[in-house]
Trainee: 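Just dropping this structure here.
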Amino acid sequence: MKVLKFGGTSVGSPERIEQLLPIIKSQTADKHLVVLSAVSGTTNDLVTLSELYSKKENNAARKHIDFLYNKYRIFTHELFKTPEGKSEAHTFIDQIFELLYSFENTDFTTREERIVLAQGEIISTTLFHLHLKEKGISSILLSALDFMLIDHENEPDIDYIREYSNKELEKYPHENMFITQGFICKNAQGETDNLRRGGSDYTASLLGAALQVEEIQIWTDIDGFHNNDPRYVPNTKPIAHLNFDEAAELSYFGAKILHPQSVFPARKFNVPVRLLDTMNLKASGTLISGETTNQNQIVAIAAKDGITAIRIQSSRMLMAYGFLRQVFEVFERYKTPIDMITTSEVAVSLTIDQTEYLPEIIEELESFGMVETDNDQSIICIVGDFKKNNHGHATIVSEAVKHIPIRMISYGGSENNISLLVPSSYKIEALRSLHNRLF
Ligand code: ASP
Ligand code: MG
C-alpha cells in the first residue's frame with residue numbers, strides 16, 4: 001500500500017480533481033490510501049466564518065457562507081457531468097451548508113469552531129469519492145474521525161491510529177482505493193479536532209507510519225524540496241534525496257512544502273516519503289529516507305522569518321549553574337518554544353517566533369539581568385552533512401556572508417545544520433550570496 005496525499009491546490013479546481021485519478025492509476029502499489037486537504041482557500045474561509053460566529057456577527061457570517069455555498073455549487077456543477085452525479089453532489093453540498101448555517105443559533109465555542117474547520121476536508125474527500133463513482137471507479141471513503149486521534153497533550157496516538165485504521169481497511173479486503181481526510185481528527189474528549197494548519201501532511205505521515213506502507217507520497221505543486229528558496233533566488237534546483245534529519249531541518253526552517261512534524265512518524269517507522277509535483281509528472285521530486293547520500297555536502301539553504309532575538313545579560317550567570325534552567329523555565333511557563341540559542345559566560349541569546357507572551361517573558365527575565373530584544377530577524381539555515389570530521393564548511397559559509405551583519409551563529413547543535421540569525425532586511429542577500437558560493 002502507498003499513501004498519496006494531495007494538497008489544497010491539487011484539489012483546487014474541478015480540472016485539478018480530474019487529474020488525480022490518472023496520477024493514482026500510474027502508481028504501482030496494490031492498494032492506495034488517498035489523503036486530501038481541503039480545496040485551497042476553504043480552510044481560511046472557514047476560519048473567517050468561525051471568527052464571525054464567535055463575534056456574533058451573524059449577518060456577515062451568513063453572507064460569508066452564501067459566498068462559499070455559491071462557489072461550491074459552481075464547483076460541483078463543473079466537476080460532475082451526469083444529472084445523477086450533479087444531483088448527488090448538490091444534495092451533499094446542501095447538507096454541509098445546512099450545518100454551517102445552523103450555528104447561527106448556537107453558543108459558538110472552540111468546539112463548534114473545530115467542527116466548522118473540519119468541513120473543508122469532508123467536502124473535498126466526498127466530492128472526490130463521488131467523482132470516482134460517477135466515472136464508475138470503486139473507492140471507499142473512510143472518515144478520519146474513526147481512527148485519527150490526539151491525546152490530552154494534542155499528540156497523535158499512533159497505536160490507536162494503527163489499530164482503528166486497520167480495522168476500517170480490513171472491512172474491505174477486496175478494495176484497492178481508499179480516500180480519507182487530512183487534518184481532522186478526534187481529541188481525547190471525543191470531539192472533532194484537527195492537527196493544526198497544514199496538518200494534512202501530518203495525517204499522511206501518521207497513517208503511512210502506522211500502516212507501515214511502502215511509501216508516503218506528498219503531492220503539491222513544486223517538484224520537491226529545492227536547494228534554496230525559489231521565491232528569492234534564481235536557478236534553484238530540486239534535491240533528489242534527503243535523509244529524515246535533513247528534511248526535518250528544512251521543513252522547519254522555511255521550506256513551506258512539507259509540514260515540519262510530518263517527518264517524525266515517517267522517520268520513527270522508517271517509511272520513505274516522496275515529494276512530488278502534480279503539475280510536472282515527469283519530475284522525480286525529492287525522496288526522503290533513512291539513508292544519507294549527501295556525504296560531506298551542503299544540501300540546501302532555507303530561511304525562516306518573523307524571528308525575535310532575546311539577549312539576557314547577567315553577572316549571575318558567571319560560573320553559576322542552574323541559570324539556564326531558570327531562563328528556560330520562563331519560556332516553558334509561557335509555552336513558547338525556543339529555536340536558536342547561543343551562550344557566552346555572561347550572556348545568553350535565544351530566538352523565538354511566537355511573541356504572544358513576549359512582554360510577560362521579558363518582565364520575568366528582567367529579574368535575572370539586562371534584557372534586550374531585536375525583532376524582524378530571520379534564521380538562515382544551511383543544511384548538510386556537518387559531522388565533526390567534515391571540516392571547512394563553516395569557513396565557506398561565513399565567508400559567503402562576510403558583508404552581512406550577523407546577530408547569532410549556531411553550529412554543532414545537530415550534525416545537519418548551521419544557523420545564522422540576520423536582520424530580515426538582509427535575508428534575500430544572505431540567501432543569494434550563500435547560493436552563489438555554495439552551489
Ligand atoms: N486544510 C488545512 C489547512 O489549510 C490542512 C491542510 O491543508 O494541510 O491548514
Ligand atoms: Mg500543505
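Each ligand, and each atom within it, is numbered from 1 in the order the structure gives.
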Trainee: Between H259 and ligand 1, find which residue part has any heavy-atom pair under 4.0 Å and reply side chain, backbone, both or neither.
Mentor: neither

Trainee: Run the numbers for me: atoms of ligand 1, each under 4.0 Å from some heavy atom of S37, listed by number.
Mentor: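 In order of numbering, the contacting atoms are 6 (C), 7 (O), 8 (O).
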
Trainee: Side chains of S349 and R407 only: does a donor on one sit below 3.5 Å from an acceptor on the other?
Mentor: yes

Trainee: Any sub-3.5 Å donor-acceptor pair from E78's side-chain atoms to F75's backbone N or O?
Mentor: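 Answer holds: no.
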
Trainee: Please indicate whether K135 has more than 12 foreign heavy atoms, meaning atoms of other residues, nucleotides or ligands, lying under 6.0 Å from its NZ.
Mentor: no

Trainee: Would you say F183 has any N or O atom under 3.5 Å from an N or O of ligand 1, going by distance alone?
Mentor: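 Between F183 and ligand 1, no N or O pair is found under 3.5 Å apart.
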
Trainee: Relative to the heavy atoms of R197, which atoms of ligand 1 are at a distance of less than 4.0 Å?
Mentor: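 Close to R197: 3 (C), 4 (O), 9 (O).
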
Trainee: Only heavy atoms of T43, strictly under 4.0 Å: list the atoms of ligand 1 that pass.
Mentor: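 Answer, ordered by atom number: 1 (N), 2 (C), 3 (C), 4 (O).
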
Trainee: Measuring from the heavy atoms of G8, does anything fall under 4.0 Å of ligand 1?
Mentor: no

Trainee: Would you say E121 has any N or O atom under 3.5 Å from an N or O of ligand 1, going by distance alone?
Mentor: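 Yes.
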
Trainee: Taking the six-membered ring for Trp, are the ring centroids of Y53 and F108 within less than 6.0 Å of each other?
Mentor: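 Yes: the rings meet the under 6.0 Å criterion.
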
Trainee: Determine whether any heavy atom of G198 lies closer than 4.0 Å to an atom of ligand 1.
Mentor: yes

Trainee: Name the orientation class of the two ring planes belonging to Y160 and Y164 (parallel below 30°, tilted from 30 to 60°, perpendicular beyond 60°).
Mentor: parallel

Trainee: I'd like to know if the side chain of K5 and the backbone of I216 have a donor-acceptor N/O pair within less than 3.5 Å.
Mentor: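 Not a single qualifying donor-acceptor pair exists.
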
Trainee: Does a salt bridge link R432 with E429, judged by any charged N lying under 4.0 Å from a carboxylate O?
Mentor: no

Trainee: Do any nitrogen or oxygen atoms of S200 come within less than 3.5 Å of a nitrogen or oxygen of ligand 1?
Mentor: yes

